[in-house]
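Counting starts at 1 for both ligands and their atoms, following the listed order.
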Amino acid sequence: MIVLGIETSCDETAAAVIERRSDGTPTILSDVVLSQVADHAVFGGVVPEIAARTHVEALDGVVGSALRQAGIVLTDVDAIAATAGPGLIGGLLVGLTTAKAIALAVSRPLVAVNHLEGHALTARLTDRLAFPYLLLLVSGGHTQFLAVQDVGRYRRIGSTIDDALGEAFDKAAKLLGLPYPGGPAVEAAAKRGDGHRFALPRPLLDRPGADFSFSGLKTALRLAAEAIAPLSDQDVADLAASFQAAVTDIVGNRASHAIASFRADHAEADALVVAGGVAANEAIRATLRREAAKAGFRLVAPPARLCADNAVMIAWAGAERLALGLTDALDFAARPRWPLDQASAPLFGGGVRGAKA
Ligand code: KG4
Ligand code: ZN
């Protein structure tokens, strides 16, 4: 089957076409991502209204490019999958309404996809991974461990109680005078710095469970920077390195707890998957690889392009759902908040205070 996917939940306008054979073999026929990052950079973060307007202006063209690159027309598509949440409501409405209109026009089913499920199932497309596996999703809007048990079956093992990790990187960059998005800039600066110079806190380290907290670390970074201002280039590099050292310690510790908890329910599983924009960070990947190996797990990290926001993952999640006969009615409403694990009681703060809240 051939599925058109549409992603507009944050600041990427994306469309993609994938094919899924009946034995589950995937082929990416096209993958178009129009990043709005330059439109938002001057504001130091995503401005929801600007994002929604840009999606309106760009989406027709992006869908057209995805079809052209795939060498197909709309009537060749078996279903239209679109992100229906969680995310910025203006953007979600643009993508979901467009998908509904196409579905209606060509009489094909609509699949309303949870953006997090898109991230969660990507490793099945890239690595043909079997269920169950443990996922760490770390992006600008989300930081959580999920047991991925089956399509539509997820259990949250831990999540942030305040900022998302990508958001913490972005805020750290802003206060150090580094450009947006902050993650790559902080990582680059950290390479030139001394991670031992500033003793920054590691919130929740060694506490039971696998939850995260980053707001105290962010405050400590600000106080350390203010105490030695004005900052030289080397100060910035040392602060970035100290921040990243604290983050990697936290992520490693939380990962070891999450693996132990996951294992208790799934003795046969052996894969830790990392997804989301922060998965591009080499220091974090190395830490996760080490913690996974200690527990006899392997780390699966899809290519950076498919870890960050894209429509291939939405098309793929749509195809996985369609293969199980799961489609949605045209009155499906977009959901700004939509946890994958509906059973887990929401944590204080919910861990979704980022751009995608
Ligand atoms: O998944 P993504 O592209 O979009 C969201 O869903 O948020 O993730 C973007 C986030 C940003 O906060 C960005 O600063 C962070 O991922 N990021 C990084 C790195 N590259 C991107 N964080 C740390 N190190 C990196 N190399
Ligand atoms: Zn995402």
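Taking the six-membered ring where the residue is Trp, the centroids of Tyr154 and Trp338 are separated by 6.0 Å or more. Taking the six-membered ring where the residue is Trp, the centroids of Phe169 and Phe243 are separated by under 6.0 Å.
Defined by atom type and a distance below 3.5 Å, a donor-acceptor pair is present between the side-chain atoms of Asn281 and Gln244. For Ser9 and Glu7, the side-chain atoms include at least one donor-acceptor pair closer than 3.5 Å. Between Asp162 and Ser213, the side chains place a donor N or O and an acceptor N or O closer than 3.5 Å (distance only, hydrogens not considered). Side-chain contact of Thr160 with Gln144: a donor-acceptor pair under 3.5 Å is absent, judged by distance alone.
For ligand 1, the atoms sitting less than 4.0 Å from at least one non-hydrogen atom of Gly140 are 5 (C), 7 (O), 8 (O), 9 (C), 10 (C), 12 (O), numbered in the order shown with element in parentheses. Taking a cut-off of under 4.0 Å to the non-hydrogen atoms of Gly141, the atoms of ligand 1 that pass are 7 (O). For ligand 1, the atoms closer than 4.0 angstrom to any heavy atom of Ala308 are 1 (O), 3 (O). Which parts of ligand 1 touch Phe169 is read off a 4.0 Å heavy-atom cut-off, strictly below it: atoms 22 (N), 23 (C). Listed by number with element, the atoms of ligand 1 under 4.0 Å from a non-hydrogen atom of Gly276 are 1 (O).
At under 3.5 Å, not a single nitrogen or oxygen of Cys307, backbone or side chain, sits near a nitrogen or oxygen of ligand 1. For the pair His119 and ligand 1, the shortest N or O to N or O distance does not fall below 3.5 Å. Polar contact with ligand 1: absent for Glu12 (N/O pair, distance under 3.5 Å).
Of the angles at the Zn ion (ligand 2), the one spanning OD1 of Asp309 and NE2 of His119 is 90° when given to 10°.
Contact of the Leu92 side chain with the Thr83 side chain is registered, since non-hydrogen atoms from C-beta on lie closer than 4.5 Å.
By the 30° and 60° cut-offs, the orientation of the rings of His119 relative to His115 is perpendicular.
Assignment of Cys10 to the shell around ligand 1 is not supported, since no heavy atom sits closer than 4.0 Å.
At least one N, O or S atom of His115, from either the backbone or the side chain, sits less than 2.8 Å from the Zn ion (ligand 2).
Evaluated by nearest non-hydrogen atom to atom 25 (C) of ligand 1, the leading choice among Gly183, Pro181, Ala283, Ala188 is Gly183. Of the listed residues (Gly277, Ser9, Gly182, Ala172), the one carrying the non-hydrogen atom nearest atom 2 (P) of ligand 1 is Gly277.
When non-hydrogen atoms are compared, ligand 1 lies under 4.0 Å from the side chain of Asp170 (C-beta onward) but not from its backbone.
Rounded to the nearest 0.5 Å, atoms CD1 (Ile102) and CG (Asp60) are 8.0 Å apart.
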